[in-house]
Amino acid sequence: MTPTKEQMKAFYAQSAERALEAYEQLGQKEWDKKASDHWTAKEHLAYTVGTLEEEHLPVTRATLAGEPIKLPGFETREDEPAFRRAVTEKFNILSTVELIPRLSASIDEHVRILDSLSEPDLERKAVIPGWDREGTVRDLFTSAYLLLVNQYQAIRRVAKGKVPHWMDGIGPERVHYHVDRLFHYMPLIFNRSRADDLNATYQFTMEGEGGGQWNMRIAEGRADTSDGTADPYDCEIKTKPALWMDLASGDLSAPIAIMTRKVKLGGNPALAMKLSGLFGTTD
């Protein structure tokens, strides 16, 4: 189900508030810890702020003005990894005391832009160089929201005792919103060059509060998501929203999740393994 502007605005603002509150709890030692294979928690924060300031806001403004997208150093999808590194290095010079207010200001501006739009405005065509194909203005805001959430989960790794899992305590409506936006955004970051001749329909069943069902058809170098069940489907992936988030972020190993029954597979289980690497950065 397509979210309304009011839902998008509310969940974006609530997510920002949660992230900012969590970041204020962290000390310098935690910010300096490695939060991923490549970056410290502070570098993830720098990447969040830099991407909002130098990608999401400029792209949103240009799209709404009917102007061409101009992101120096980011003209094609292949440029994305280098662009990410450059943005992170540039903003990592700033202290966390400087970065956190800039994150708040960037989100506030994005929400103000969203508030000024009509529902038809959100369906206008839009594109980011990192996308596989054309999307909509609504997708631009989804991209910014997912950036905020994904980087929160990465930063959380350095202080799990202080920072709760994103899915903890947010309520079923927000859980469902997050999973729905993720499944509908995935086709835009599909890596067709890695799909070979994959031709399959996937059924995703998210169990528990805030869950639901979605299906995705991958064929002819394209991915498309629909709500509900597919009949027939080639592979079913059944898990809980929080576990799906952990799988997508790399916090949970797919083989271990399957062996421990945290993820249950139906149909052709080999097809589930083929999803790895099909979505996200080309790096």
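The figures here come from the full heavy-atom set of this structure, side chains too, leaving out hydrogens, waters and symmetry mates.
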Looking at side-chain heavy atoms only, is the closest gap between [X] and [Y] below 4.5 Å?
X	Y	answer
D251	R157	yes
M167	H178	yes
N199	I218	no
W214	Q203	no
K240	K262	no
T63	V59	yes
N92	E89	no
Y23	L99	no

Evaluate the side-chain contact (heavy atoms from CB on, under 4.5 Å) criterion for residues T136 and L122: first the C-alpha distance (whole Å), next the side-chain angles of each, then the deciding distance (0.1 Å), finally the verdict.
CA-CA 7 Å; T136 66; L122 292 172; over 6 Å; no

Non-hydrogen atoms of [X] and [Y] that approach each other most closely:
X	Y	value
S143	Y185	OG-OH, 3.0 Å
P164	D168	CB-CB, 4.4 Å
I69	A62	CD1-CB, 3.9 Å
L271	A200	CD1-CB, 4.0 Å
F190	A195	CZ-CB, 3.5 Å
P241	V179	CB-CG2, 3.7 Å

Are [X] and [Y] ion-paired here, with the side-chain N under 4.0 Å from a carboxylate O?
X	Y	result
E119	R138	yes
E80	R84	yes
R61	E67	no
E54	K90	yes

Separation between [atom1] of [X] and [atom2] of [Y], rounded to the nearest 0.5 Å:
X	Y	atom1	atom2	result
L114	T60	CG	OG1	9.5 Å
H165	R156	NE2	CZ	5.5 Å
H110	D108	NE2	CG	12.0 Å
N215	S226	CG	OG	5.0 Å
R77	R192	CZ	CZ	9.0 Å
E207	K264	CD	NZ	5.0 Å

Please check: side-chain N/O of [X] versus main-chain N/O of [Y], any donor-acceptor pairing under 3.5 Å?
X	Y	value
N150	L146	yes
E24	E21	no
S116	I113	yes
E43	T40	yes
K160	V163	no
D79	E75	yes
D132	R222	no
K5	L117	yes
H44	I155	no
R124	L64	yes

Please determine whether the number of non-hydrogen atoms from other residues, nucleotides or ligands lying under 6.0 Å from atom CD of E123 exceeds 12.
yes

Counting only heavy atoms not in Q28 (residues, nucleotides, ligands), do more than 12 fall under 6.0 Å from its CD?
yes

Distance only, no hydrogens: is a donor on one side chain within 3.5 Å (strictly under) of an acceptor on the other, for [X] and [Y]?
X	Y	result
S95	E98	yes
D246	S249	no
S193	N191	no
D139	H184	no

Test R85 against H38 for side-chain contact (heavy atoms from CB on, under 4.5 Å), laying out the working first.
CA-CA 10 Å; R85 288 191 293 270; H38 304 294; over 6 Å; no

Determine the interplanar angle of the [X] and [Y] rings, folded into 0 to 90°, and report it as parallel if under 30°, tilted if 30 to 60°, perpendicular if over 60°.
X	Y	value
Y47	W39	tilted
F141	Y12	perpendicular
Y177	Y145	perpendicular

Pick out which of F204, F279, Y202 makes a ring pair (Phe, Tyr, Trp, His ring centres under 6.0 Å) with F183.
F204

K9/D115 under salt bridge (Lys or Arg N to Asp or Glu O under 4.0 Å): CA gap, chis, key distance, verdict
CA-CA 7 Å; K9 186 174 70 171; D115 195 38; 2.7 Å; yes

Could you walk me through whether H56 and L140 pass the side-chain contact (heavy atoms from CB on, under 4.5 Å) test, one step at a time?
CA-CA 7 Å; H56 289 297; L140 291 178; 5.8 Å; no

W166 six-ring face occupied by R18 cation (under 6.0 Å, within 45°):
yes

Trace of the side-chain contact (heavy atoms from CB on, under 4.5 Å) decision for D180 with L182
CA-CA 5 Å; D180 180 73; L182 178 60; over 6 Å; no

Show me the side-chain donor-acceptor pairs of residues 229-238 shorter than 3.5 Å, one per line, residues at least two apart or across chains.
unit_1, atom_1, unit_2, atom_2, d
Y233, OH, E236, OE1, 3.4
D234, OD2, T201, N, 2.7
E236, OE2, T205, OG1, 2.7

With the 4.5 Å side-chain cut-off for hydrophobic clustering, are L45 and V158 part of the same group?
no

